[in-house]
Amino acid sequence: VLEPSSPHPSYRKLQVPFAAWIQTPVAIRKIRPHESLSSKLFSIQAVNIATGLAREQRGLLLTSEIDYSKLETIRTVTEGQSLLSDAIEKIPDVKKGDALQIRLISGTLVLLTPGKAIESGYVGGQIRTMALKTKKDLWGRVVAEGLVEVKL
């Protein structure tokens with residue numbers, strides 16, 4: 001809408017239609033929290049981000065080029081809903097409750113012991129684990145999927 005700075009008798013509002021379309025994934029069924037994503041769960045649809053709800057969500061809408069292979073939902077995505085960036089996260093390399101090997105390192109001594117993840121985490125990050133034999137909580141760095149290194 002264009003409005004002059006000072007009203008004039010011949011003043012008229014001018015409306016110019018505008019559209020901005022993007023291709024975005026839309027859920028074809030209800031997707032529950034912590035469900036792994038795949039392209040089979042979505043259809044690609046054109047959405048006009050210049051108007052309506054899509055305009056409000058334009059910074060959160062994901063495009064059709066998304067790689068679903070390492071993603072999961074963190075909240076429910078309903079059927080017919082566009083996939084938003086705040087509804088997904090990368091699948092953790094180690095999930096809470098996973099069985100894993102704990103590599104205990106003290107100087108040059110290295111021991112391996114079975115353990116359990118007390119929290120989820122990613123390779124390179126710190127997580128809390130529990131050694132199964134001693135039931136002790138240990139903080140360690142995730143080295144690989146199923147392997148945590150604890151420096152004593």
Assess whether a salt bridge exists between R29 and E35, defined as any Lys/Arg side-chain N lying under 4.0 Å from an Asp/Glu carboxylate O. yes
Less than 4.0 Å between a side-chain N and a carboxylate O, is that true for E145 and K95? no
Side-chain (D137) to main-chain (M130) donor-acceptor, under 3.5 angstrom: no
Exam field: side chain R58 to backbone R55, donor-acceptor pair closer than 3.5 Å: yes
Let me confirm one number: the [atom1]-[atom2] distance from [X] to [Y], rounded to the nearest 0.5 Å.
| X | Y | atom1 | atom2 | answer |
| --- | --- | --- | --- | --- |
| Q81 | L53 | CD | CG | 9.0 Å |
| S36 | K70 | OG | NZ | 10.0 Å |
| E119 | D98 | CD | CG | 12.5 Å |
| I31 | S38 | CD1 | OG | 8.0 Å |
| Q57 | L62 | CD | CG | 11.0 Å |

Just wondering, do [Y] and [X] contact through their side chains at under 4.5 Å, heavy atoms?
| X | Y | result |
| --- | --- | --- |
| T73 | L37 | yes |
| T129 | L100 | yes |
| K30 | T76 | yes |
| P33 | I74 | no |
| R128 | L138 | no |
| T24 | L83 | no |
| L104 | V110 | no |

[X]-[Y] co-clustered via ILVMFWY side chain contacts under 4.5 Å:
| X | Y | result |
| --- | --- | --- |
| Y122 | I91 | no |
| L60 | I88 | no |
| L132 | V142 | no |
| L147 | I127 | no |

[X] and [Y]: which non-hydrogen atoms are nearest, and at how many Å?
| X | Y | result |
| --- | --- | --- |
| A27 | V77 | CB-CG1, 3.9 Å |
| K96 | S120 | N-OG, 3.0 Å |
| A54 | V47 | CB-CG1, 3.3 Å |
| N48 | A50 | OD1-N, 3.0 Å |
| S82 | V26 | OG-CG2, 3.9 Å |
| P25 | T63 | CD-O, 3.7 Å |

Side chain to side chain contact (heavy atoms under 4.5 Å, CB included) for R75 and L84? Distances and angles first, verdict last. CA-CA 11 Å; R75 62 179 172 83; L84 303 176; 3.9 Å; yes
Residues 39-89 vs ring pair (Phe, Tyr, Trp, His ring centres under 6.0 Å), sequence neighbours excluded, gives F42-Y68
Checking K116 now: which residues fulfil salt bridge (Lys or Arg N to Asp or Glu O under 4.0 Å) with it, not counting sequence neighbours? none
Go through the structure and list residues passing salt bridge (Lys or Arg N to Asp or Glu O under 4.0 Å) with E149, not counting sequence neighbours. R103, R141
Under the side chain to side chain contact (heavy atoms under 4.5 Å, CB included) criterion, do I49 and L61 qualify, and how do the steps go? CA-CA 9 Å; I49 60 170; L61 284 168; 3.7 Å; yes
Criterion side chain to side chain contact (heavy atoms under 4.5 Å, CB included) on I105 and L152, from CA distance to verdict: CA-CA 6 Å; I105 300 174; L152 302 174; over 6 Å; no
